[in-house]
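Since the structure comes first, as structure tokens, the remarks are kept for the end.
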Amino acid sequence: MVIPGTGVHQTFLGDPLAVLHLTHQKITNILADRGLLTEMVLTLLRGGNIDRLELGPTMCEEGGLNLHSSNLLRVFSRPGYYLTLKELVLDGGHLERDFDLVHIQQLPNLERLHLEGTNIGNEAVFLLVTLKEKLCYLNLAHNPKIDDDAIPAILLLINLRYLSIQATGIDMPGFRRLAAVIHAEDRVIDIEIPFRCEKYIDNLHKQYLVDPALPLITDPSACPLLSNVALIRNLQAHADINPSIVATGTRLEMIERLKKLLERRQMDLIVRSMICGEPGEV
């Protein structure tokens, strides 16, 4: 198969020996590099033994054809198309709508998905849940519209071994929730996290007393058992580290404040252990 105007003929067919090793994947790689994987070309290649596609150069606003994502991605929703595809790279390709990703739900063997800098939000992440049986690699970096509300969908991707959420809108509350489930279910996953979360963990010693010693407590459930004097003592120990912590109040206020602080500490230690490998009571 030769596609006019793509340079495939000059690249391969000009060398008789190269023809012997010509594959659909090699043709696809050349067209991808040149930003020429149009809907027509993808349709022509649909039955080839192709396990990796890179559409970013074709979809990007600078240098590529800036093709509308729904027009390009709808190829994947057609029955029997790209059944062997294992890796799809959309990095840098501007998606007009999150819903455009509904088309890739029909890729039965997709294992690796690159969505860095594609302008997607939370809805797009939820659309990926149908891929959870095979998907093991997901790059969501540099999509600031993805925030803590996407965490429930990410948690459903139970076979992930790599996840990048760098430069997204995900913050510590969402990351704590993600880390807690990963820890509880003993999942093994390599995670790249937003800088602000990394900075928070690096400065944990400024948030509260990280390692309280007796007679101070670390168990949130023990808070209601403390006397008022003990409650103040515990809160004051943390306030000495972080002056924004209030060490006084009614008994119910102090119990609730100390309980929430110790719960946050527990979650933070799980996060620290996961991303830094540092031990800590959790």
Side-chain angles (χ1 to χ4, degrees), residues 1-14 18-19 21-135 137-143 145-146:
M1 177 181 64
V2 178
I3 304 171
T6 60
V8 173
H9 184 279
Q10 294 86 339
T11 302
F12 286 112
L13 301 187
V19 177
H21 304 286
L22 187 61
T23 65
H24 286 102
Q25 185 66 66
K26 288 182 178 180
I27 293 173
T28 301
N29 292 345
I30 287 181
L31 297 179
D33 290 342
R34 299 176 183 180
L36 296 174
L37 287 175
T38 63
E39 182 182 0
M40 180 192 74
V41 172
L42 288 174
T43 300
L44 290 173
L45 292 168
R46 65 190 181 278
N49 187 19
I50 297 169
D51 59 22
R52 186 180 192 275
L53 273 177
E54 184 170 358
L55 298 182
T58 301
M59 297 168 62
C60 71
E61 294 181 328
E62 294 182 9
L65 300 178
N66 191 21
L67 297 181
H68 196 288
S69 55
S70 63
N71 293 337
L72 201 57
L73 297 181
R74 67 185 178 187
V75 170
F76 301 121
S77 64
R78 295 167 186 163
Y81 281 30
Y82 290 95
L83 298 180
T84 62
L85 191 66
K86 293 183 177 181
E87 183 170 13
L88 180 61
V89 184
L90 302 180
D91 291 350
H94 183 84
L95 297 184
E96 297 291 334
R97 306 173 303 164
D98 284 6
F99 192 71
D100 291 343
L101 286 180
V102 72
H103 299 297
I104 71 171
Q105 292 179 338
Q106 306 303 316
L107 297 173
N109 293 300
L110 195 64
E111 298 175 358
R112 299 168 63 88
L113 181 58
H114 306 252
L115 293 168
E116 181 171 346
T118 50
N119 193 45
I120 58 173
N122 296 332
E123 181 187 359
V125 183
F126 277 88
L127 289 171
L128 304 180
V129 173
T130 57
L131 302 171
K132 66 180 182 179
E133 296 303 324
K134 292 288 184 72
L135 196 65
Y137 179 107
L138 179 60
N139 185 353
L140 298 173
H142 295 277
N143 288 298
K145 291 192 291 186
I146 295 175

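If you're wondering where the values come from, they're calculated on a predicted model, not measured in any experiment. In what follows, every heavy atom counts, from backbone to side chain, and hydrogens, waters and symmetry copies are set aside.
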Nearest atoms (heavy-atom pairs only) where Leu127 meets Gln105: O-NE2, 2.9 Å
Check: Leu53 main-chain N/O paired with Tyr82 side-chain donor or acceptor under 3.5 Å: no
Ion pair check, Arg97 and Glu123, cut-off under 4.0 Å: no
pair Leu73-Leu95: side-chain heavy atoms closer than 4.5 Å: yes
Under 3.5 Å: donor-acceptor pair, side chain of Arg78, backbone of Val75: no
Sub-4.5 Å side-chain heavy-atom contact between Leu115 and Leu113: yes
Main-chain N/O of Ala141 paired with Asn143 side-chain donor or acceptor, under 3.5 Å: yes
Thr84 side-chain N/O to Ile50 backbone N/O, donor-acceptor pair under 3.5 Å: yes
Any donor-acceptor N/O pair, Gln25 side chain to Arg52 backbone, under 3.5 Å: yes
Shortest non-hydrogen separation from Ile104 to Leu110 and the atoms involved: CD1-CD2, 4.5 Å
Evaluation steps, side-chain hydrogen bond (donor to acceptor under 3.5 Å, both in side chains), between Lys86 and Asn109: CA-CA 5 Å; Lys86 293 183 177 181; Asn109 293 300; over 6 Å; no
Check: Glu87/His114 side-chain N/O donor and acceptor closer than 3.5 Å: yes
Leu88 CG to Leu55 CG distance, which is reported to the nearest 0.5 Å: 5.5 Å
Check: Glu116 main-chain N/O paired with Asn139 side-chain donor or acceptor under 3.5 Å: no
Residues Glu111, Lys132; criterion salt bridge (charged side-chain N to carboxylate O under 4.0 Å, His left out); working and verdict: CA-CA 9 Å; Glu111 298 175 358; Lys132 66 180 182 179; over 6 Å; no
Heavy-atom closest pair, residues Phe76 and Gln106: O-CB, 3.3 Å
